[in-house]
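Data block below; observations after.
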There are 2 protein chains.
Amino acid sequence: MDGPRATLAAVAEAAGVSVPTASKVLNGRTDVAAETRARVEKVVARLGYRKPAAARRRPRKAVTMLDLVINELDSSWAVEILSGTEKVAQEAGMSIALTAVHSNSTLTRKWLDSLALRGCRGAILVLSDLSGYQRAELARQEIPFVVVDAVGQPDESVPSVGATNWHGGFAATQHLIEHGHRRIAVIGGPQQLMCTRARIAGYRAALDTAGLPLHPPYVRYGDFRHQQGYEQTRELLKLPDPPTAIFAGSDLQALGAYQAMHESRLRVPDDVSIVGFDDLPFAPWTAPPLTTVRQPLQEMGALAARMLLSLIRGEPLGARRAELATNLIVRGSTGPAHCGH
Amino acid sequence: MDGPRATLAAVAEAAGVSVPTASKVLNGRTDVAAETRARVEKVVARLGYRKPAAARRRPRKAVTMLDLVINELDSSWAVEILSGTEKVAQEAGMSIALTAVHSNSTLTRKWLDSLALRGCRGAILVLSDLSGYQRAELARQEIPFVVVDAVGQPDESVPSVGATNWHGGFAATQHLIEHGHRRIAVIGGPQQLMCTRARIAGYRAALDTAGLPLHPPYVRYGDFRHQQGYEQTRELLKLPDPPTAIFAGSDLQALGAYQAMHESRLRVPDDVSIVGFDDLPFAPWTAPPLTTVRQPLQEMGALAARMLLSLIRGEPLGARRAELATNLIVRGSTGPAHCGH
């Protein structure tokens, strides 16, 4: 078709609609009747209409990608961080290249190898581990990166975003103490994770502050998932002096604790109070609604993206490490201690 | 540093570890003591060691991206589809470029404009709407695409993946009828969505099959989110002849129904049975555990990715439209009808 290009006016005329209406259809607006839309689209196809180049608004610079690498895409936790990152990237006109490495070093290496080929400008790492070699490889490729919810020793040279895990653990435990609980257990995530250590340190500090001793059998470790919450709670309930309250370390582990309680015909919070950690979207809708420590996951993802954009632009970072505040959300899964169950 | 490059053996020797141990550290393996790891990494940094090019295993061809475009990244529903897509893309050595368009036509257009610049090879669309113009633009750019959970009229020319929504609606309603329910309400998603229409058609067919009349006030529409499930259930409970069972159309709407029941001091399932749709990860852990129609969301995302890879390779598709089976998962939120509440 080498003839003159169809105009918007010609499309509108042939479809028997106004130019603004034809324009709405072409721009994908939804406030057009389905029948009208179909008629305009048919004419667009017939006349081979294409919007003029200017109207297609091609960005002048090549679109660039921010990489987000995560261990598993298997929970609301992941999608909350991702969602915050995506919004900031989009405002900056960037897309997200998403890679799940499933805690597998081969996949992590493949990802590292792909960066240059894809023209990656920067990376956000939501990983449980990143070796010195991997960091060196990112540095060699001059790819700036920001770590979310870092593991291992905090390294001051690495920009990172986290939550105030210690405060969260403290607040959860203090809340239980204020309800009269004295036999308070905790289920952390994997023992080597910084966030686990910080939450459990907060738990210990709250006990200390109240002059309560730490009872070692009450300190448990899981993997932040449901099944471990269930199994650790079953073990706790079998103790000769079972706890009257459990700080479950994550919302998923709290749901596992609910299940263990349910199977033992114990009620939350009448028999045992439960506190989660995360405040995932389902937390208000469990029965009873879950008292939990809110982590601002979307804000953490967004802040990591903003820090990364600063690094890419060569701007100075205000601080290399930012911890966003957690806060306790009291709902229905915590109540006064009854020591007689 | 122009001298001879450091070898792995030199690194191992300087760190006082075996060559296999040094190799483990460099490959990011976790089965190395933290102290050993730190020592090797220090030597790597000091000697400026880099793995030989062959060992870095650069892929021979440029890494390519599959685009996944979704309206909102705000639920487990989204992450389940994404997760299935990501696994298949990764097996094919591809990354996922993720874009959320927030039902906004400007963002959708921006995304279309970015495709050529990014060298996009194909796209998976998880969108509530895609105009004919947008489709034409993908065709013009010769970018194959597959639609997941399509809206609007099914168009045979568009490759798509869905679930057997009609069967799901039928199975959910039949299950309630078998428990003696006669006053059964349904809350769909947005009325214009094909999946809503199919689920509600399945509901009607099950009533028909049992010789039960359709009571129009029992047919409601929401948006698949919690709040609408809550509000529509409140309205249903205010009817002079409130339902004894609700097919809530989505798991999130089912949680909203739970909340409305709880506020009215009604029990699930003793007073009203509730069935969800989706089987999101939290469904087994609500109280009571949710009876729901499972949609194989990960499998749907994976199948869409496999179809897209076939299209990119120019292979024929077995079928342009695939619907994966839903199945009813009976848990604790449904029980016998008691008509006296």
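Naming convention: chains lettered A, B, ... in sequence-line order (proteins, then strands); numbering from 1 in each chain. Since this is a predicted model, take the numbers as computed values, not measurements.
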task = Only counting residues at least two apart or in another chain, list the ones meeting side chain to side chain donor-acceptor pair (under 3.5 Å) with T286(A).
result =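 T286(A) satisfies side chain to side chain donor-acceptor pair (under 3.5 Å) with no residue once adjacent residues are dropped.
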
query = Quick one: side chain to side chain donor-acceptor pair (under 3.5 Å) partners of T292(A), sequence neighbours excluded?
reply = D251(A)

Below 4.5 Å from any heavy atom of chain B, which atoms of [X] appear? Answer side chain, backbone, both or neither.
X       : value
A97(A)  : both
H262(A) : neither
L107(A) : side chain
K87(A)  : side chain

task = Go through E72(B), Q298(B), H102(B) and name the one with the most non-hydrogen pairs under 4.5 angstrom from chain A.
result = H102(B)

key: Residue among Q259(A), H226(A), Q90(A), E86(A) with most heavy-atom pairs under 4.5 Å to chain B   =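 Of the options given, most contacts go to H226(A).
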
Distance, nearest 0.5 Å, that separates OG of S95(B) from CG of L68(A) = 12.0 Å

ask   = Is any side-chain heavy atom of L98(A) closer than 4.5 Å to a side-chain heavy atom of L82(B)?
value =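 SC-SC contact between L98(A) and L82(B) confirmed.
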
task = Examine whether an atom of A100(B) lies under 4.5 Å from a heavy atom of chain A, and if so say whether it belongs to the side chain, the backbone or both; otherwise answer neither.
result =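 The answer is both parts of A100(B).
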
